[in-house]
Amino acid sequence: MNNSLKKLIEDSIIEALGEQGNSPPIFITQPKKREWGDLSTNLPFSLSRKTGESISKIGERLVSSLKKKNFLSRVEFTPPGFLNFFISSQYLVRTLKNVLLQRENFASFSYGKGKKVHIDFVSANPTGPLHIGHARGAAIGDSLANILSKVGYKVEREYYICDVGGQIERLSRSVWVRLQELEGKRVFFPEDGYKGDYVIEIARKAKKDLKEELSTEKKEERLLDLLGKFTVKEILKEIKKDLEDFGVKYDSWFAESTLYENREIFKTIDELQKRGYTYEKDGALWFKASLFLKEEKDRVLKRKNGEYTYFARDISYHQNKLSRGFDRMINVWGQDHIGYAPFLKVAVENLDPFHRSPEIIIYQFVTLMRGKEKISASTREGEFISLREVLNEIGKDVARFFFVSCNADTHLKFDLELAKKQSAENPVFYIQYAHARICSIFKKAKKEGIKLEDPEKIRLTSLGEPEEIKIMKKICLYPDVVKEAAEALEPHHLVGYAEELAALFHQFYTKHRVISDDKILTLARLCLVEAVRIVIEDTLTLLGISAPQMM
RNA sequence: GCGCCUGUAGUUCAGUGGAUAGAACGUCGGCCUCCGGAGCCGAAAGUCGCAGGUUCAAAUCCUGCCAGGCGCACCA
């Protein structure tokens with residue numbers, strides 16, 4: 001299935017350019033003014049610079065060979081050097097029928113060619129509940145996964161569980177201390193321990209569930225190990241539940257400890273050594289990052305005490321992904337990993353014979369506000385707004401919409417008060433309202449005994465009002481929006497699109513009646529609004545937001 | 001100090017080197033006999049952080065400043 005209008009135009013241009021057609025990249029964009037067409041390109045500029053032919057000559061030549069295309073009603077060359085395209089009503093009608101026939105597959109593509117994509121997001125350390133910062137990563141990662149699978153990739157969502165290392169030790173020690181306190185003993189709470197109340201809850205649960213083991217096991221080391229495993233399991237249970245309520249479901253959960261169990265970590269280190277990417281210094285094993293990254297310091301793979309660093313484990317994890325046959329690996333990380341990303345990339349790509357490299361999407365942190373006041377977020381100190389609280393306060397739809405509505409690079413400010421207060425006028429409701437309104441039109445139609453027939457049989461040419469044309473044109477662009485969001489790995493493009501489509505619908509709705517005495521027009525308009533409904537539902541689904549029939 | 005990211009309307013954010021920089025919220029003024037008013041129509045609101053440069057064309061690319069966020073571990 002391919003309903004991309006831009007591709008159609010692009011192909012026609014390439015065809016028109018003929019044999020000598022190794023043209024510069026063709027950019028087709030939506031112009032700002034209606035007189036400039038529905039789509040336009042600046043190709044005459046760039047082509048002229050390349051070939052030396054005059055801009056207007058190129059323009060005129062392209063116009064004359066493109067104007068025969070039946071999906072265009074008009075092609076114009078407009079000085080200083082634009083080609084403006086006008087979509088034909090024939091194409092508008094055909095597209096409307098396609099939406100009704102193909103429904104949620106209208107914007108599906110084979111673009112990804114069934115390639116396997118691994119997407120790793122959130123992957124928060126199991127040392128505490130998810131907080132609001134993780135929510136942004138969850139919203140971006142999950143929507144991206146949805147979008148990529150829509151354009152034809154085989155997507156696997158995975159959560160990487162860091163269940164190894166010093167943080168887990170600190171966590172289990174914190175639980176142990178809380179346990180002692182429950183026994184009535186006064187114990188000094190470690191400076192670097194986890195201070196959140198959830199630790200006390202877990203201690204309480206451990207006291208009940210691990211009663212026997214706790215009383216028989218005397219060796220502190222074994223005891224801490226036992227507590228650690230129990231705690232990680234408990235916290236993961238909560239994380240999983242929070243994510244599910246946020247609309248996120250993973251295909252797999254990968255525990256870091258399995259890298260030791262199947263000895264992959266050792267193989268990775270061997271390979272790095274064999275290739276001469278390592279050296280020993282001060283009793284530690286180092287990665288020669290400077291081989292690939294000038295001006296960067298080398299990094300430790302294996303510490304003096306014999307433990308592997310997170311870096312070493314992470315390289316091994318990525319090799320594991322490659323061994324599972326993934327063509328692309330996408331990691332969605334918070335900006336605190338920004339300096340680390342290049343190291344992982346060079347290590348992984350230089351070990352792989354095909355030089356596949358993780359693609360890393362960095363999202364900037366959310367500044368959380370309550371009115372004018374900033375709220376800090378630290379898992380260690382136990383000061384954070386949990387994802388759970390956000391879900392309870394403002395709900396999944398508003399939260400997901402908010403986190404996915406702007407570019408990952410934006411340092412966005414999130415005012416909880418405002419999010420709650422504005423909720424009635426929030427853009428997400430504006431979009432959902434359009435959907436609910438359409439559903440209610442169909443309820444009325446049903447009551448009056450009107451049924452939507454086979455769209456092929458309905459005379460859609462009776463749709464000619466400006467508001468109707470605008471809607472159809474917007475719908476024609478939907479597949480391209482999805483494709484562009486997939487190519488750029490930027491879900492936020494869909495948000496802007498959904499708002500625009502909803503606005504066009506509301507404008508149409510205010511001015512015209514769908515159900516009227518004119519039977520033919522009624523059916524045509526039902527088709528039109530049903531197409532709007534399908535597309536809105538589709539965008540909302542990609543963003544993980546519900547499309548309610550009633551509000 | 002070095003690296004990455006950001007700076008666009010009162011606020012939150014869009015904006016693929018192109019044509020007169022957009023939307024939402026907020027503010028002000030209009031619109032309910034009729035499919036849902038969580039809607040529609042209109043108005044006010046901008047030195048695109050500052051200064052240079054490249055280009056026929058710069059919010060967008062380059063350089064330098066200023067301000068903010070995050071990194072620069074034998075943490076993860």
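Bear in mind that the values here come from a model prediction, so they are computed numbers and not experimental data. Proteins get letters first, then strands, A, B, ... in listed order; numbering begins at 1 in each.
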Here RNA chain B, pairs taken as Watson-Crick or G-U under 3.5 Å and shown with ( ), [ ] when crossing and | when to another strand, reads (((((((..((((....[...)))).(((((.......))))).....(((((..]....))))))))))))....
Among B:A19, B:C35, B:A76, the one nearest any side-chain atom of A:I515 is B:C35
Within the structure shown, what part of the strands sits under 4.0 Å from A:K297 by heavy-atom distance: base, sugar-phosphate, or nothing?
-> sugar-phosphate
Parallel under 30°, tilted from 30 to 60°, perpendicular over 60°: which one fits the rings of A:F505 and A:Y509?
-> tilted
Set of residues satisfying side chain to side chain contact (heavy atoms under 4.5 Å, CB included) with respect to A:R49, sequence neighbours excluded | none
If the C1' atom of B:G46 is compared with that of B:U8, how far apart are they to the nearest Å?
-> 8 Å
Would you say A:H337 stacks on B:A76, if stacking means ring centres under 5.5 Å apart and planes within less than 30 degrees?
-> yes
Could you check whether A:K32 gets within reach of a base, just the sugar-phosphate, or nothing at all, counting any heavy atom under 4.0 Å?
-> sugar-phosphate
Extract all donor-acceptor atom pairs below 3.5 Å that involve side chains of residues 425-436 of chain A and protein atoms in other chains or at least two apart in sequence.
from   : atom 1 : to     : atom 2 : distance (Å)
A:N426 : OD1    : A:V428 : N      : 2.9
A:Q432 : NE2    : A:D397 : OD2    : 3.0
A:Q432 : NE2    : A:S546 : O      : 2.8
A:Y433 : OH     : A:R437 : NE     : 3.4
A:H435 : ND1    : A:P548 : O      : 2.9
A:H435 : NE2    : A:R533 : NH1    : 3.2

Salt bridge (charged side-chain N to carboxylate O under 4.0 Å, His left out) between A:E280 and A:K302, worked out = CA-CA 9 Å; A:E280 282 186 48; A:K302 191 179 183 182; over 6 Å; no
Those residues that, when tested against A:A124, pass side chain to side chain contact (heavy atoms under 4.5 Å, CB included) (two or more places apart) | A:V122, A:L130, A:H134, A:Y159
C1' spacing across the pair B:C41 / B:C5, given as an integer number of angstrom = 40 Å
Taking the six-membered ring of A:F86, is NZ or CZ of A:R74 closer than 6.0 Å to its centre and within 45° of its axis?
-> yes
For A:K321, check salt bridge (charged side-chain N to carboxylate O under 4.0 Å, His left out) against everything at least two apart and list the hits.
-> A:D120
Can you check whether A:F45 stacks with the B:G18 base, using ring centres under 5.5 Å and planes within 30°?
-> yes
Test side chain to side chain contact (heavy atoms under 4.5 Å, CB included) applied to A:T410 - qualifying residues, sequence neighbours left out = A:R136, A:C406, A:N407, A:L412
Salt bridge flag under 4.0 Å for residues A:K511 and A:E465 = no
Name the nucleic acid region contacted by A:F414, choosing base, sugar-phosphate or nothing; use a 4.0 angstrom heavy-atom cut-off, strictly under.
-> nothing
Could you say whether A:N426 or A:R513 is positioned toward the 5' end of RNA chain B, judged by the nucleotide with the nearest heavy atom to each?
-> A:N426
May I ask you to say what A:I28 touches in the nucleic acid, namely base, sugar-phosphate or nothing, with a heavy-atom cut-off under 4.0 Å?
-> base
Is it the case that A:Y310 and A:E256 place a side-chain donor and acceptor less than 3.5 Å from each other?
-> no
Hey, does A:S40 reach any base, or is it just sugar-phosphate, or nothing, if we go heavy atoms under 4.0 Å?
-> base
Nearest-angstrom distance, P atom, B:G15 to B:U54 | 29 Å
Mind checking A:N84 for me? I need base, sugar-phosphate or nothing, with any heavy atom below 4.0 Å counting as a touch.
-> base
With sequence neighbours excluded, what pairs up with A:S174 under the side chain to side chain contact (heavy atoms under 4.5 Å, CB included) test?
-> A:F189, A:Y194, A:V199
Using the C1' atom as the reference point in each nucleotide, state the distance between B:G7 and B:C50 in Å, no decimals.
-> 11 Å
Is the phosphate of B:U16, meaning OP1 or OP2, less than 4.0 Å from a side-chain N or O of A:H493?
-> no
Under 4.0 angstrom between A:R170 side-chain N/O and B:C75 OP1 or OP2 | no
Point-to-point distance, once rounded to the nearest 0.5 Å, from CG of A:L543 to CG of A:L144 | 10.5 Å
Tell me the side-chain hydrogen bond (donor to acceptor under 3.5 Å, both in side chains) pairs involving residues 27-45 of chain A, sequence neighbours left out?
-> A:D38-A:K473
Counting any heavy atom closer than 4.0 Å, what does A:K6 reach on the DNA or RNA strands: base, sugar-phosphate only, or nothing?
-> base
Same-atom distance (C1') from B:U16 to B:A73, integer angstrom = 40 Å
Parallel, tilted or perpendicular, as decided by the 30° and 60° cut-offs, for the rings of A:Y340 and A:H337 | perpendicular
Check every strand shown and say whether A:H512 touches a base, only sugar-phosphate, or nothing at a heavy-atom separation below 4.0 Å.
-> base
Closest listed nucleotide, where the reference is the side chain of A:K413 and the choices are B:U12, B:G15, B:A76 | B:U12
Going by atom type alone, with no hydrogens or angles, which donor-acceptor pairs under 3.5 Å involve a side-chain atom of residues 282-292 of chain A and a protein atom two or more places apart or on another chain?
from   : atom 1 : to     : atom 2 : distance (Å)
A:W286 : NE1    : A:K281 : O      : 3.2
A:K288 : NZ     : A:G276 : O      : 3.4
A:S290 : OG     : A:D298 : OD1    : 3.0

Of the listed B:A76, B:C13, B:C74, the closest approach to the A:A284 side chain comes from B:C74
Which residue, A:Y310 or A:P79, contacts RNA chain B at a nucleotide closer to its 5' end, judged by nearest heavy atom?
-> A:P79
Thinking salt bridges, do A:K6 and A:E487 make one under a 4.0 Å N-O criterion?
-> no
For nucleotides B:G22 and B:C34, find the distance between their C1' atoms and express it as a whole number of Å.
-> 34 Å
When all nucleic acid strands are considered with a 4.0 Å heavy-atom cut-off, which category describes A:N42: base, sugar-phosphate, or nothing?
-> base
Give the B/S/- string for nucleotides 36-45 of chain B, one per nucleotide from 5' to 3', where a protein heavy atom under 4.0 Å of the base yields B, of only the sugar-phosphate yields S, and otherwise -.
-> BSBSSS----
Minimum-distance nucleotide (side-chain atoms of A:N407 versus B:A14, B:A24, B:C74) | B:A14
How close do A:L521 and A:D518 get, heavy atom to heavy atom, and via which atoms?
-> N-OD1, 3.1 Å
Atom CD of A:E256 and atom P of B:C75 are separated, to the nearest Å, by 14 Å
Taking the chi torsion of B:C32, is it syn (within 90° of 0) or anti (everything else)?
-> syn
How is A:E484 classified with respect to the nucleic acid when contacts are heavy atoms under 4.0 Å: base, sugar-phosphate, or nothing?
-> base
Determine the interatomic distance between C1' on B:A76 and the same-named atom on B:A58; round to the nearest Å.
-> 42 Å
Checking all strands, does A:R525 fall into the base, sugar-phosphate, or nothing category for heavy-atom contacts under 4.0 angstrom?
-> nothing
In B/S/- notation, 5' to 3', how is nucleotides 27-32 of chain B contacted by protein heavy atoms closer than 4.0 Å?
-> ------
Shorter than 3.5 Å, N or O on both sides, protein versus nucleotides 3-5 of chain B: list them out with atom names.
from : atom 1 : to     : atom 2 : distance (Å)
B:C5 : O2'    : A:Q364 : NE2    : 3.2
B:C5 : O2'    : A:D409 : O      : 3.1
B:C5 : O2     : A:H411 : NE2    : 2.9

Base of B:A19 and ring of A:F82 stacked, centres under 5.5 Å, planes under 30° = yes
Rounded P spacing from B:A9 to B:A14 in Å = 13 Å
In terms of side-chain heavy atoms of A:R313, which of B:C70, B:A76, B:G18 is nearest?
-> B:A76
